[in-house]
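Just so you know, ligand 1 is whichever comes first in the structure, and atom 1 is the first atom listed for that ligand. Here, residue 1 is the first one in the sequence, and each next residue gets the next number.
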Amino acid sequence: MWNALKATAEVGKHTSILDLFAQDPGRAEAFSLHALDLLFDYSKTQIDDTARNVLIDLAKAAGVEARREAMFTGEKINETEGRAVLHTALRNLDGDAVLVDGQDVMPGVLDTLVRMGALADEVRGSGFTDVVNIGIGGSDLGPAMAYRALAPYCDGPRCHFVSNVDAADIADTLRGCDPEKTLFIVASKTFTTIETMTNARTARAWLQDNGVSTDGRFFALSSNAEAAGDWGIPSTRVLGFEDWVGGRYSLWGPIGLSLMIAIGPDGFKAFLRGGQSMDRHFRAAALHENMPVLLALVGLWHNQGLGQTTRAVLPYDNRLSRLPAYLQQLEMESNGKSVAMDGTAVPVHTGPVVWGEPGTNGQHAFYQLIHQGTRVVPCEFMVAAEGHEADLRHHHDLLIANCLAQSEALMRGRSLDEARAIMAAKGLTGDELDRQARHRVFPGNRPSTTLMMPKLTPEVLGQIIALYEHRVFVEGVILGINSFDQWGVELGKELATSLGPLVSGDVPAGDKDASTQALLGYVKRYS
Ligand code: F6P
């Protein structure tokens, strides 16, 4: 299955993207896709018709269509945990039946959405000035990312997001809050995560130390209602969800409560509508006209085909500053695996290393490497046609110009002759001209994609997040892995638990390796 991709990529490696444009005046349109409000342009890559056909065949051979249907219809495709994968049910606003073990999950989903709306309205009308979401991973990154992204739509209390077990996180947050007017949301699917439970206890102690009753100050968002009850949160303030919602896919349900409090239930529903419309597109569109499928295939082309194993996510939108971190978890926790569903080793690299920063800031930091470094980093640009600051339109025009300039520069590059001409015009000659010109050469032919949106509204954000979720799903199916477990985080957790007493107590660290013992010794000297 991979041989055809590798053989095509071997040719693609030597293809000039500029030549592809020269040979085909219709390339920009032929290698772009409009779906819903979005435009996905992948024409500035080395993918040609042959490569695209090979990629589509790869998706077909891997059974993407059947697997997609299995996901939407509640089959237990998370096989290592024996669970269905139904975050799509959380945005199935029309309530069409979705069966798990013969039971329709939709009445429960819609009932929870109504409860979320009532609680959000209660908080929005209650005089609380600050809401602190305590959670980590998927119980933090989703709402934290979306809260920032949708700042122009936030008209509720201020929201804060505490995730790190580092006391600095909660201490710095609470310093700016009034205990009388602050509400806490403990967001944890399992309600056992050590960071979250530690922060929640600290929040409770903060209220008590300030003489404020903890009654009515905590919500729990969890699949483990029993543990939330044991912790002292009454069932009326617990919003539950099922094990078929993975942590990194949970923003659409109760884990989105802070977002709903911030933008209101109607805004949150618009976000869900956006996700639902992308679900419909993904489920119905043919593979070659399917945006999540094409986005996945472009990723596979670069990573598994061309061996370009990192991916930069570069939103030209300051409010999407947490999107790279959000997508990092989505992609790397989902597809950072080595073992296929059947227990065999995956024969190719799996998920890429995802990283990024908003433009234009990144341009003044790491773009040097992207333009002139020795590695090729496929870049994923993203920008809205319109910003929210109508009276500052000139800022937005500059933002767009910079975004387009970067993809053009990566593709076009600058030859030695061009660099020499520039340096000669500055008056350089001879050896000095040669030497200086070489530093100013850009290899070019570096691939990028651009995702364009009209404006970053709640509905458009919903489309984008669902687009990336389905992209990760398609990549996972083609790689033959389970994108919905995360066993790779367990070992570190176990060892942290065993190291805790060694750090804080006098327990001898004799069974630890010499490096760990020495590091513990250093801590002991200073603590
Ligand atoms: O350790 C990884 C992880 O399980 C993520 O998958 C999850 O999003 C995060 O921890 C938080 O888990 P929980 O919501 O159960 O606290």
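The side chain to side chain contact (heavy atoms under 4.5 Å, CB included) check on Thr214 picks up Arg204, Leu207, Gln208, Phe218, with sequence neighbours excluded.
In terms of protein heavy-atom proximity, atom 4 (O) of ligand 1 is nearest to Lys493 NZ, 3.8 Å. Nearest protein heavy-atom contact of atom 5 (C) of ligand 1 is Glu333 OE1, 3.5 Å. Nearest protein heavy-atom contact of atom 11 (C) of ligand 1 is Ile136 O, 3.2 Å.
Ring orientation note: the planes of Tyr42 and Phe40 are close to parallel, at an angle under 30° on the 30°/60° scale.
In summary, the side chains of Thr88 and Asp279 do not present any donor paired with an acceptor at a separation below 3.5 Å, with no hydrogens or angles considered. Side-chain polar atoms of Arg248 and Ser334 form a donor-acceptor pair below 3.5 angstrom.
The option with the heavy atom closest to atom 14 (O) of ligand 1, from among Gly492, Ser222, Ser139, is Ser139.
Listed by number with element, the atoms of ligand 1 under 4.0 angstrom from any heavy atom of Gly138 are 7 (C), 8 (O). Close approach of ligand 1 to Thr193 (heavy-atom distance below 4.0 Å) involves ligand atoms 12 (O), 13 (P), 15 (O), 16 (O). Shown in contact with Thr190 at under 4.0 Å from a heavy atom are these atoms of ligand 1, numbered in order with element: 13 (P), 15 (O), 16 (O). Interface of Val489 with ligand 1, defined as ligand atoms under 4.0 Å from a residue heavy atom, comprises 1 (O), 2 (C).
Contact between Cys177 and Trp206 at its shortest, heavy atoms only, is O-CZ2, 3.6 Å.
The closest approach between a heavy atom of Gln329 and any atom of ligand 1 is below 4.0 Å. Within the structure, the closest approach of Glu490 to ligand 1 does not fall below 4.0 Å when heavy atoms are considered.
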Walk me through whether Asp266 and Lys269 qualify under salt bridge (charged side-chain N to carboxylate O under 4.0 Å, His left out).
CA-CA 5 Å; Asp266 288 344; Lys269 270 200 193 136; 5.3 Å; no
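Screening Trp487, Phe484, Trp244 for a side chain to side chain contact (heavy atoms under 4.5 Å, CB included) with Glu81, the sole residue that qualifies is Trp487.
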